[in-house]
Protein chains: 2
Amino acid sequence: MNIGEAAAASGVSAKMIRYYEATGLLRAPPRSEGGYRVYDAAGVHTLRFIRRARDFGFAMPVIRQLVGLWQDPGRESHDVKELALAQVAELRRRIGELQMMEAALARLAASCHGDARAECPILEDLAMPRAGDRAAPFPADKNSSSCHAHQAPESASRRRPASRAARS
Amino acid sequence: MNIGEAAAASGVSAKMIRYYEATGLLRAPPRSEGGYRVYDAAGVHTLRFIRRARDFGFAMPVIRQLVGLWQDPGRESHDVKELALAQVAELRRRIGELQMMEAALARLAASCHGDARAECPILEDLAMPRAGDRAAPFPADKNSSSCHAHQAPESASRRRPASRAARS
DNA sequence: ACGTGGGGTTGCCATCATGGGAAGGTCAAG
DNA sequence: CTTGACCTTCCCATGATGGCAACCCCACGT
């Protein structure tokens, strides 16, 4: 079984199979006389295991542990469950993060008229400094959400570019 | 205002400020005689805007659009709202994905005893081929979740490594 | 006036998982 | 024996970020 067939059978791209092998996640399979990687059913099975673990969002180091446990007949299911629960916690953390963003942004979007006028609470909120920001040295920008005269595009640049130019 | 102060005032690291400038998200600020970037309050304000947009998970190309709209007095709030709603949809899509994973994995973890025994439904599920997988050429692996004799580690490798070795 | 430390500048490398592509070797079918 | 599909390795890129190295600049202290 060549790498292409193994890829089709496992759902892992050939590129990724080589990558997993290079990073030590997979043991190198034997090679044919021409140097082709030759996979057997067990190898494909391992690849499917890895893909399934990735589908659950496990990071590669954890997948390495999982594969090790899977192939270890003396494993204790306690260790597997611990990894799984840690991943559940991580997923919940990420879900919570995204939900915070989603709720805040949906609320903002709902408050925006969405018409042809320039006034927009979304931009106003984005432009608003929040608690936790160090104060700017002078609060001179009152017309925040309509500032259009920002930094000068090209003015008096590189008065002494000698050293930088010389280095390259 | 040097880049360090601008970073502290905006919450964007100096590294990221340079990165945003290099990728065209920020216009290059004027430089001092020594070549230092010099930021004014408007520049810091823009940086805070960008950081806030990143906090909402907007991708950089979208942030570019948002900054453009923000600085465009002739903008229409419709365009802003459209970007925001697209981002809300994207966040919901990601949340849904993660929730699928989380639910499935939590269910699996709950079904695992988590004791000293090797038997583990989590590993069994990971090892189980799902619908959508191309069938393996022969279904020879019945003792799936306890397979420990996988590929041979080092056997008859590189019978003809001449070309590869010669190239490097 | 001179040194020194802190901070600026560029550039390169690394992440993490993945894809793309080039240059070259292998294999199987016609 | 040719040809086209497939494999091999190596290099590069992503997106957003951090780290390090080498070098430069500035302000402050003596």
Side-chain angles (χ1 to χ4, degrees), chain A residues 1-26 28-39 43 47 50-64 90 94 97 157-168, chain B residues 1-26 28-39 43 47 50-64 90 94 97 157-168:
Chain A
M1 209 172 187
N2 283 341
I3 200 172
E5 300 168 85
S10 67
V12 179
S13 73
K15 217 63 194 221
M16 279 298 99
I17 296 177
R18 296 196 197 96
Y19 173 72
Y20 293 156
E21 181 187 325
T23 56
L25 184 56
L26 272 178
R31 302 284 186 123
S32 72
E33 296 199 4
Y36 285 19
R37 289 170 179 82
V38 177
Y39 295 91
L47 283 170
I50 291 173
R51 175 161 82 94
R52 185 90 171 115
R54 280 226 51 78
D55 287 347
F56 279 125
F58 283 105
M60 307 257 325
V62 184
I63 296 182
R64 191 168 317 196
E90 167 67 11
R94 281 194 244 161
E97 257 184 15
S157 58
R158 294 85 215 294
R159 209 168 304 251
R160 294 169 53 188
S163 60
R164 275 191 309 285
R167 190 145 55 85
S168 69
Chain B
M1 213 170 182
N2 284 341
I3 199 173
E5 300 167 86
S10 67
V12 179
S13 75
K15 211 70 192 223
M16 280 298 98
I17 296 178
R18 296 196 197 97
Y19 173 72
Y20 293 154
E21 181 187 323
T23 57
L25 184 55
L26 271 178
R31 302 283 186 124
S32 72
E33 297 199 3
Y36 284 21
R37 288 169 180 81
V38 177
Y39 296 91
L47 284 169
I50 291 172
R51 175 160 82 94
R52 184 90 172 116
R54 279 228 53 77
D55 288 346
F56 279 124
F58 283 105
M60 306 246 336
V62 185
I63 295 181
R64 193 168 316 196
E90 167 66 12
R94 282 195 243 161
E97 257 184 16
S157 59
R158 297 81 221 290
R159 210 170 303 253
R160 294 170 52 187
S163 59
R164 276 192 309 287
R167 192 143 53 87
S168 69

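Keep in mind the model is a prediction, meaning the values are calculated, not measured. Chain A is the first sequence line, chain B the second, and so forth, proteins listed ahead of strands; every chain is numbered from 1.
Proximity of Arg31(B) to the phosphate of dT10(C): a side-chain N or O atom is located under 4.0 Å from OP1 or OP2. Between Arg18(A) and dT8(D), a side-chain N or O to OP1/OP2 separation shorter than 4.0 Å is present.
Closest of all the heavy-atom pairs between Ser13(B) and Ala7(B) is C-CB, 4.1 Å. When all heavy atoms are compared, the tightest approach of Val38(B) to Pro29(B) is O-CB, 3.4 Å.
The OH atom of Tyr39(B) sits 17 Å away from the P atom of dG7(C) (whole-angstrom rounding). Atom CD in Glu33(B) sits roughly 15 Å away from atom C1' in dC24(D) (whole-Å rounding). Between the CD1 atom of Ile3(A) and the C1' atom of dA5(D) there is a distance of 15 Å, rounded to whole Å. Atom CD of Glu5(B) and atom C1' of dG8(C) are 11 Å apart (whole Å). Atom CG of Leu25(A) is separated from atom P of dC16(C) by 13 Å (rounded to the nearest Å). Distance, Arg51(A) CZ to dT18(C) C1': 15 Å, rounded to whole Å. One interatomic measurement links the two molecules: CD of Glu21(A) to C1' of dA17(C), which rounds to 17 Å at whole-angstrom precision.
End-to-end axis angle for the helix from dA1(C)-dT30(D) to dG30(C)-dC1(D), using five pairs per end and rounding to 10°, comes out at 30°.
To the nearest 0.5 Å, atom CZ of residue Arg64(A) and atom CG of residue Leu26(A) are 10.0 Å apart. Distance CZ/Arg51(A) to CD1/Ile17(A): 11.0 Å, rounded to 0.5 Å.
Residues passing the salt bridge (Lys or Arg N to Asp or Glu O under 4.0 Å) test with Arg54(A), sequence neighbours excluded: none. For Glu90(A), the side chain to side chain donor-acceptor pair (under 3.5 Å) test picks out Arg93(A), Arg94(A), with sequence neighbours left out. Taking the side chain to side chain donor-acceptor pair (under 3.5 Å) definition, one finds that Arg37(A) meets it with Glu21(A), sequence neighbours left out.
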Using nucleotides 15-20 of chain D, report all nitrogen or oxygen pairs with the protein that are shorter than 3.5 Å.
from    : atom 1 : to       : atom 2 : distance (Å)
dA16(D) : OP1    : Arg54(B) : NH1    : 3.3
dA16(D) : OP1    : Met60(B) : N      : 3.4
dT17(D) : OP2    : Tyr20(B) : OH     : 3.0
dG18(D) : OP2    : Ser13(B) : OG     : 3.3
dG19(D) : N7     : Lys15(B) : NZ     : 2.9
dG19(D) : O6     : Lys15(B) : NZ     : 2.2
dC20(D) : N4     : Lys15(B) : NZ     : 2.8

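Take the nearest nucleotide of DNA chain C for Tyr36(A) and for Gly4(B): the residue whose nucleotide is more 5' is Gly4(B).
Pairs passing the salt bridge (Lys or Arg N to Asp or Glu O under 4.0 Å) check and including a residue from residues 2-18 of chain A, sequence neighbours excluded, do not occur.
Taking 4.5 Å as the limit, some side-chain heavy atom of Leu25(A) sits within range of a side-chain heavy atom of Ile63(A).
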